2 protein chains.
Amino acid sequence: MPPVAAATEKKVTELLKRQSLSVTASRKRILQLFLDQPGALSHGAIEKKVGSVFDRVTIYRTLQTFVDRGLIHTIPSADNAIRYALCKDECGDGHHRHEHIHFVCQQCHHTYCLDEVVTPVIRLPKGYSPQQVEILVQGKCKQCTVSARR
Amino acid sequence: MPPVAAATEKKVTELLKRQSLSVTASRKRILQLFLDQPGALSHGAIEKKVGSVFDRVTIYRTLQTFVDRGLIHTIPSADNAIRYALCKDECGDGHHRHEHIHFVCQQCHHTYCLDEVVTPVIRLPKGYSPQQVEILVQGKCKQCTVSARR
DNA sequence: ACTAAAATAGCAACATAGTTGCAAAAATCA
DNA sequence: TGATTTTTGCAACTATGTTGCTATTTTAGT
Ligand SMILES: [Mn+2]
Ligand SMILES: [Mn+2]
Ligand SMILES: [Zn+2]
Ligand SMILES: [Zn+2]
């Protein structure tokens with residue numbers, strides 16, 4: 001067993017226990033996928049990455065559990081596939097508080113949380129009571145801009 | 001034939017001809033649905049409203065055609081069902097230009113274009129090239145706020 | 001108004017996304 | 001370790017969306 005993998009395994013196990021979640025193979029694997037890369041993942045992307053190790057339903061339920069516990073959050077999209085990304089510390093069991101925007105690259109199709117960019121206050125006409133604001137920016141991401149320039 | 005219906009029929013026919021679109025029963029009916037109410041419509045909502053008069057595929061293709069021609073635009077969502085709403089004059093064949101935000105009521109589940117609310121400029125970190133900004137506000141709409149107060 | 005060409009609609013089949021009930025398996029706890 | 005609780009896998013189902021092909025409708029020219 002390589003020491004790096006062992007370290008990550010310990011980390012995800014700790015994370016799960018901290019949320020009082022049973023530590024199972026699927027939860028460890030899926031949580032690790034999120035930790036291993038900076039972007040957001042859709043159910044389909046996860047299915048591709050883990051192969052047929054886990055049932056589709058298990059993946060759906062795992063994602064829902066993570067959302068419920070404030071481990072990950074959902075990101076709306078224009079292509080009918082919900083993306084999920086890791087939450088920061090402010091989120092917890094039963095509550096999410098996000099003030100960042102999301103960026104979707106039209107070239108590589110990755111979705112990123114831009115934690116540095118705070119959602120501005122949107123002033124609505126009389127009568128509308130806002131609860132949550134989602135900002136979705138589409139364009140070309142850092143990586144794709146750089147590789148186009150070379 | 002009631003004069004009101006005849007007048008609307010003439011209107012949608014004119015609209016379609018103005019876009020050099022063949023005037024068909026499905027296109028007239030679906031365009032009329034959008035003109036008859038202020039909100040956005042999903043494929044499913046349209047299917048319910050028109051019953052089984054048109055094939056599902058026809059509805060999908062009609063919506064796509066309208067989007068292509070700049071008659072309607074899509075609205076991203078968190079529930080995996082694309083909504084469509086009428087465009088204003090600025091959009092046309094092959095191009096959309098929208099600067100308004102969208103409001104989704106968590107009570108009545110209607111989606112509205114808030115044309116009065118202009119999307120603010122979002123400043124991104126270096127390297128990201130924005131192309132389009134979508135703002136989705138969730139909360140309670142005008143109607144639902146009023147009826148709750150009574 | 002009639003006809004040929006072009007566009008559109010309907011059908012079937014498929015693909016992807018997501019849900020639910022239930023029994024088997026695994027994780028937790030004592 | 002063994003009982004209890006939780007999670008998983010399977011099957012079946014719904015919703016959403018696409019594609020290829022043929023029949024029908026629309027359009028445009030006469
Ligand atoms: Mn995010
Ligand atoms: Mn709109
Ligand atoms: Zn990119
Ligand atoms: Zn409402």
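Here the structure is a predicted model, which means the values were calculated and not measured.
- Near DNA chain D, defined here as any heavy-atom distance below 4.0 Å, the residues from residues 71-85 of chain A are Asn80(A), listed numerically.
- Put simply, the side chain of His100(A) never gets that close to the backbone of Glu116(A): no donor and acceptor are under 3.5 Å apart.
- Across the interface with DNA chain C, nearest-nucleotide mapping of Val57(A) and Ala25(B) shows Ala25(B) to be the residue nearer the 5′ end.
- With a 4.5 Å cut-off on side-chain heavy atoms, Val137(A) and Phe103(A) count as touching.
- Summarising the geometry, the separation between CD on Gln19(A) and P on dA27(C) is reported as 19 Å, rounded to the nearest angstrom.
- Between Ser26(A) and dT8(D), a side-chain N or O to OP1/OP2 separation shorter than 4.0 Å is present.
- The nearest whole Å value for the distance from the CG atom in Leu16(B) to the C1' atom in dT25(D) is 15 Å.
- Taking atom CZ of residue Arg27(B) and atom C1' of nucleotide dG10(C), one finds them 14 Å apart after rounding to whole Å.
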Output one line per pair: protein atom, nucleotide atom from nucleotides 28-30 of chain C, and distance, for all N/O pairs under 3.5 Å.
from, atom 1, to, atom 2, distance (Å)
dT28(C), OP1, Val23(A), N, 2.8

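- Counting heavy atoms of neighbouring residues, nucleotides and ligands inside a 6.0 Å radius, atom CD of Gln106(B) exceeds 12 of them.
- Between the side chain of Arg83(A) and the main chain of Ala40(A), no donor-acceptor pair closer than 3.5 Å is present.
- Taking the side chain as every heavy atom from C-beta outward, Phe66(B) and Leu16(B) approach each other to under 4.5 Å.
- Under a cut-off of 6.0 angstrom, the local environment of CD in Glu99(A) is sparse, with at most 12 non-hydrogen atoms contributed by other residues, nucleotides or ligands.
- Atom CG of Leu63(B) and atom CG of Leu31(B) lie 10.5 Å apart (nearest 0.5 Å).
- Atom P of nucleotide dT26(D) and atom NZ of Lys28(B) are separated by 8 Å, given to the nearest angstrom.
- Checking Gln64(B) against Ile59(A), the closest nucleotide of DNA chain D that is more toward the 5' end is the one next to Ile59(A).
- Side-chain atoms of Arg27(B) and Thr65(B), non-hydrogen and from C-beta on, do get closer than 4.5 Å to each other.
- Between the P atom of dA17(C) and the CG atom of Asp55(A) lies a distance of 15 Å, rounded to the nearest Å.
- Taking atom OH of Tyr60(B) as the reference point, atom P of dG10(C) lies 15 Å away to the nearest angstrom.
- For Arg61(B) against dG10(C), a side-chain N or O and a base N or O form a donor-acceptor pair under 3.5 Å.
- One atom, CZ of Phe54(A), and another, P of dA26(C), lie 13 Å apart when rounded to the nearest Å.
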Legend entry - Criterion side chain to side chain contact (heavy atoms under 4.5 Å, CB included) on Ile75(B) and Leu136(B), from CA distance to verdict: CA-CA 9 Å; Ile75(B) 303 169; Leu136(B) 213 61; 4.0 Å; yes
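- Under 3.5 Å, the side chain of Arg56(A) and the base of dG9(D) form no donor-acceptor pair of N or O atoms.
- Atom CZ in Arg29(B) sits about 14 Å away from atom P in dG10(C), given to the nearest Å.
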